[in-house]
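Note sheet for the following structure.
By convention in this document, chain letters (A, B, ...) are assigned in the order of the sequence lines, proteins followed by strands, and residues within each chain are numbered from 1. Only heavy atoms go into these numbers, but all of them, side chains included; no hydrogens, no water, no symmetry mates. Values in this document were obtained by computation on a predicted structure and should not be read as measured data.
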There are 2 protein chains.
Amino acid sequence: MRLAVPMLALALALPSTVQARETRIPQTAVKQATQLRDTAMQDDTGWQVLESLTTEVGHRMPGTEHDARGVAWAKAKFKALGYDRVWTQDATFPLWIRRSESARVVGPHSQALAVTALGGSPGGTVEAEVVRFDSMDALKAMADGSLKGKILFVDVVMANYGVGSRIRRDGPREAIRTGASAFVMRSAGTDWHRNPHTGMALSPTVQGAVPSAALANPDADQLARLAKRGPTTLHLALDCGFNGSYTSQNVIGEITGRSRPKEIVAIAAHLDSWDLGTGAVDDGIGIATTMATGALIKKAGLRPARTIRVIAFANEEQGYAGGRVYAESMKNDVASHAIVAESDSGVGLIETLGGQWHADADPAMQQVADVLAPLGIQYTPHKGGAESEMELLEAMGVAAGYLGREGEHYFDLHHTPDDTLDKVDPKSLRQNVAAYTAWTWMVANADGGFGSAPKPAEAKK
Amino acid sequence: MRLAVPMLALALALPSTVQARETRIPQTAVKQATQLRDTAMQDDTGWQVLESLTTEVGHRMPGTEHDARGVAWAKAKFKALGYDRVWTQDATFPLWIRRSESARVVGPHSQALAVTALGGSPGGTVEAEVVRFDSMDALKAMADGSLKGKILFVDVVMANYGVGSRIRRDGPREAIRTGASAFVMRSAGTDWHRNPHTGMALSPTVQGAVPSAALANPDADQLARLAKRGPTTLHLALDCGFNGSYTSQNVIGEITGRSRPKEIVAIAAHLDSWDLGTGAVDDGIGIATTMATGALIKKAGLRPARTIRVIAFANEEQGYAGGRVYAESMKNDVASHAIVAESDSGVGLIETLGGQWHADADPAMQQVADVLAPLGIQYTPHKGGAESEMELLEAMGVAAGYLGREGEHYFDLHHTPDDTLDKVDPKSLRQNVAAYTAWTWMVANADGGFGSAPKPAEAKK
């Protein structure tokens with residue numbers, strides 16, 4: 001997911017010595033990209049990868065046995081797909097475990113509600129009166145300690161994910177401030193099924209955290225109706241919490257460059273997922289799209305000028321653990337990455353091609369755009385940027401591509417039990433793979449770069 | 001739900017002494033029905049009833065504490081809505097309890113699957129290899145005892161509810177016959193959410209029953225994919241089962257007839273529901289529609305010629321327990337019921353007016369049809385018949401009305417956690433109430449009957 005779009009244009013205004021001429025894609029590479037694109041539209045490698053991951057591994061919750069199975073699967077899959085080199089990079093993070101969760105209204109209207117613990121929540125059983133707020137402003141106006149012994153219920157229908165994820169982050173902190181015994185929120189999601197939406201809320205460094213959970217939208221409706229009738233008591237039982245640390249791995253597959261092997265085009269996705277569904281959409285689609293990209297290039301018997309690196313990141317969901325390790329590992333060699341992209345924007349067709357690069361590379365990007373146009377992809381130069389972990393690289397000064405998917409139904413599924421393979425349209429996935437394959441092939445063969453360079457010190461502040 | 005349409009036309013061909021002339025609705029009653037219809041389209045009594053039931057009581061699983069709360073709620077609500085007389089009728093049935101249920105694939109692809117016990121299933125924990133069948137014919141071709149020690153998995157995508165409910169009934173019996181240790185089926189449902197669909201499968205009289213459950217459609221997909229990869233072991237743990245008997249109540253509200261109080265027009269729905277959702281659609285809509293019908297007539301200060309009886313039946317879901325008691329109670333007085341209807345056909349607009357009555361009442365039904373036509377209701381005379389419990393009365397010789405709803409999304413929600421209030425459109429519910437109110441008012445004021453009479457002995461065979 002991309003939540004913020006740093007404006008890198010200024011940062012990428014590099015000394016002319018670094019980028020002496022316009023960047024262009026050789027005609028041979030453009031023709032090959034066109035062929036790769038058309039082949040991808042008839043090829044089901046992406047689907048096979050996604051089917052394999054979600055069926056054989058299921059979810060890839062960080063720190064669980066599924067996480068380890070996911071890493072083993074990714075290593076084996078990269079090899080099976082013909083990547084030249086496969087390796088891993090350790091990423092250690094606080095281990096958060098979910099064992100069980102339940103909520104029920106007690107009293108004359110007793111009934112069970114569909115609930116899930118928010119990531120990072122401590123465990124605990126709380127039975128207390130619910131105090132409902134229909135805005136964060138109203139909650140923030142409450143005095144410190146004023147909800148002592150109550151369950152704080154933030155009931156805001158999600159206008160957009162920025163707002164929803166902010167409530168998920170700020171709500172549990174407001175519960176601490178106001179002295180509430182527990183926190184429940186209306187899910188940050190757009191569906192009206194009995195699916196609560198999980199997501200990261202708390203880190204182990206937060207002092208005094210209380211059990212924190214999300215209700216499915218229909219259940220938030222129900223609790224709101226009951227709370228309007230009079231004092232309403234909720235029994236919330238979460239068995240979850242942090243327990244030491246865990247070391248997972250980024251899994252990386254490479255196709256070694258022909259003429260400039262030390263220059264890297266990196267495309268990424270995150271291997272981990274939440275545990276409620278099978279992480280087919282978030283981010284199985286990304287894993288399938290990027291893994292298939294290298295596979296199709298290998299299958300075509302092609303070798304790029306630059307090295308193509310496909311990264312399956314560990315633990316994006318709980319705070320970019322794998323992304324931070326990767327960014328740290330190349331912080332002294334920012335310019336080694338010619339351009340990067342991440343596929344973590346959901347389900348459906350890719351609709352836009354954008355990103356952040358030096359203007360000298362505009363001619364090359366126009367060539368890329370021309371090849372992607374028949375896929376229904378609109379060119380939006382210098383708009384958007386890298387998603388998720390690759391935002392960390394972009395922030396360090398690496399040029400970034402953005403292949404933006406339609407997002408209409410993404411937050412119906414995001415972080416819910418419903419994130420399963422049936423939600424993915426194989427035809428859309430082919431288009432995703434076609435776009436990534438053509439994009440990757442062209443930028444990996446471009447004569448000239450895209451403006452990656454360490455950000456000036458002042459820009460880092 | 002109406003699954004079969006008995007052809008009653010012949011049964012209703014009565015001696016001419018019973019029905020000497022054509023049945024017609026007095027013009028005053030037609031005008032009043034038109035006014036009631038238009039008032040109902042602006043009135044939210046139905047919604048208020050539905051909101052109250054699903055919020056305050058939640059589900060009404062037979063034999064649970066919610067069942068008793070539902071009965072108390074219905075008695076109080078009938079009185080609050082101004083019904084002249086409210087009483088209950090005991091209905092005793094075997095008590096089936098659901099405590100918990102879970103399923104997971106074990107082994108290298110271990111993962112949890114979304115499952116629900118089928119009604120009547122015994123409890124038990126079984127861990128065994130899955131044997132998948134993609135048709136009932138293939139299963140029926142298996143020799144007795146040939147699945148000994150296996151878990152039988154019937155994986156048929158539901159073509160229609162007749163087929164789906166038949167698998168739910170026959171599958172557990174095939175498991176017994178073939179010696180399987182447990183039975184799982186793809187849910188009888190049309191949605192692709194992580195919602196397993198429950199429903200009645202077994203009675204306490206079935207000998208040798210084994211744990212029987214339904215998987216959500218995405219989970220049935222998953223188990224099928226795994227089973228195709230090789231031997232797959234499922235761990236199924238159901239804590240449920242029969243435990244003695246329970247006595248619930250039909251709750252009946254009446255508006256006493258003005259001139260022919262012993263002649264009854266009965267409209268019904270079932271008060272009970274499954275426990276996974278809140279029974280908003282199945283059959284909260286029916287309860288709301290029929291209760292609001294009498295309420296609107298009382299609110300208008302009107303009194304019908306015949307008595308209008310609104311019946312909230314106990315335990316439809318596990319085998320018409322309340323319906324059987326009611327039918328038994330009037331078996332010697334079949335002709336007392338001029339005509340009956342039940343509202344148990346789901347969510348959405350009423351689209352057709354049909355039913356089964358003597359041809360002498362065609363003029364009256366045409367008058368009814370003319371008043372319902374502006375609601376978008378098509379007249380389909382002598383087609384369809386009573387739904388659910390009222391089929392029992394129709395089979396005894398009572399004339400039956402059928403107000404058929406659109407059914408497109410009904411089996412997305414039916415018997416799942418997703419059967420909640422948010423799925424009901426208040427505007428559609430108004431139309432439902434308008435149709436029932438106008439229909440009920442007109443048939444309750446018709447001069448002449450609809451042909452109800454005990455079936456000749458030979459027709460009962």
Side-chain angles (χ1 to χ4, degrees), chain A residues 51-61 64-66 69 72-73 98 100 102 104-105 107-114 157 191-196 216-230 232 275-280 412-413 416-424, chain B residues 51-61 64-66 69 72-73 98 100 102 104-105 107-114 157 191-196 216-230 232 275-280 412-413 416-424:
Chain A
E51 198 259 10
S52 170
L53 174 62
T54 57
T55 303
E56 295 160 20
V57 183
H59 75 73
R60 283 87 57 202
M61 171 86 153
T64 64
E65 177 247 353
H66 286 244
R69 273 159 55 195
W73 173 93
R98 181 202 311 275
S100 69
S102 67
R104 64 171 202 274
V105 173
H109 306 312
S110 77
Q111 53 192 292
L113 299 179
V157 174
D191 66 295
W192 242 262
H193 298 291
R194 300 294 295 284
N195 286 334
N217 265 321
D219 299 81
D221 290 350
Q222 187 81 327
L223 188 57
R225 283 190 293 264
L226 287 167
K228 281 173 192 168
R229 277 166 162 79
T232 298
D275 51 337
L276 305 179
T278 63
D412 290 354
L413 307 171
T416 77
D418 254 345
D419 183 356
T420 48
L421 183 61
D422 49 286
K423 309 309 182 301
V424 183
Chain B
E51 198 258 11
S52 170
L53 173 63
T54 57
T55 303
E56 294 160 21
V57 183
H59 75 74
R60 284 88 55 202
M61 171 86 153
T64 64
E65 178 246 352
H66 285 244
R69 274 160 56 195
W73 173 92
R98 182 202 309 277
S100 69
S102 67
R104 63 173 203 273
V105 173
H109 306 313
S110 77
Q111 53 193 290
L113 300 179
V157 174
D191 66 294
W192 242 264
H193 298 292
R194 301 292 296 284
N195 287 333
N217 265 322
D219 299 81
D221 290 351
Q222 187 80 328
L223 187 58
R225 282 190 292 264
L226 287 167
K228 281 174 192 168
R229 277 165 163 80
T232 298
D275 51 338
L276 304 179
T278 62
D412 290 355
L413 307 171
T416 77
D418 254 346
D419 182 356
T420 49
L421 183 62
D422 50 285
K423 309 310 182 301
V424 182

| request: Pick one of side chain, backbone, both or neither for A/L413, based on which atoms fall under 4.5 Å of a heavy atom in chain B. | output: neither
| query | Is the backbone N or O of A/L421 less than 3.5 Å from a side-chain atom of B/Q222, with the two atoms forming a donor-acceptor pair by type? | reply | no
| request: Against chain A, work out which of B/G58, B/P218, B/G277 has the most heavy-atom pairs shorter than 4.5 Å and name it. | output: B/P218
| With chain B, which of A/L223, A/D422, A/D219 has the greatest number of heavy-atom pairs at distances under 4.5 Å? | A/D422
| said: Quick check on the interface: out of B/H66, B/R229, B/K423, who has the most heavy-atom pairs with chain A under 4.5 Å? | reply: B/R229
| said: Whether the A/R69 and B/S110 side chains hold a donor-acceptor pair (N or O, under 3.5 Å, no angle test) is what I'd like checked. | reply: yes
| Taking every heavy-atom pair that is under 4.5 Å apart, which of B/D191, B/V105, B/L226, B/T416 has the most such pairs with chain A? | B/L226
| request: Verify, without hydrogens or angle tests, whether A/Q111 (side chain) and B/T55 (backbone) share a donor-acceptor contact under 3.5 angstrom. | output: yes
| field | Per-residue contact mode, A/E51 against chain B (heavy atom under 4.5 angstrom) | value | both
| field | Top of A/H193, A/E65, A/H59 for chain B proximity - count of heavy-atom pairs under 4.5 angstrom | value | A/H193
| Tell me, side chain or backbone of A/D221 under 4.5 Å from chain B's heavy atoms, or both, or neither? | side chain
| said: So does A/P108 get a backbone contact from the side chain of B/E56, meaning a donor-acceptor N/O pair under 3.5 Å? | reply: no
| For A/T420, is it the side chain, the backbone, both or neither that has a heavy atom under 4.5 Å from a heavy atom of chain B? | side chain
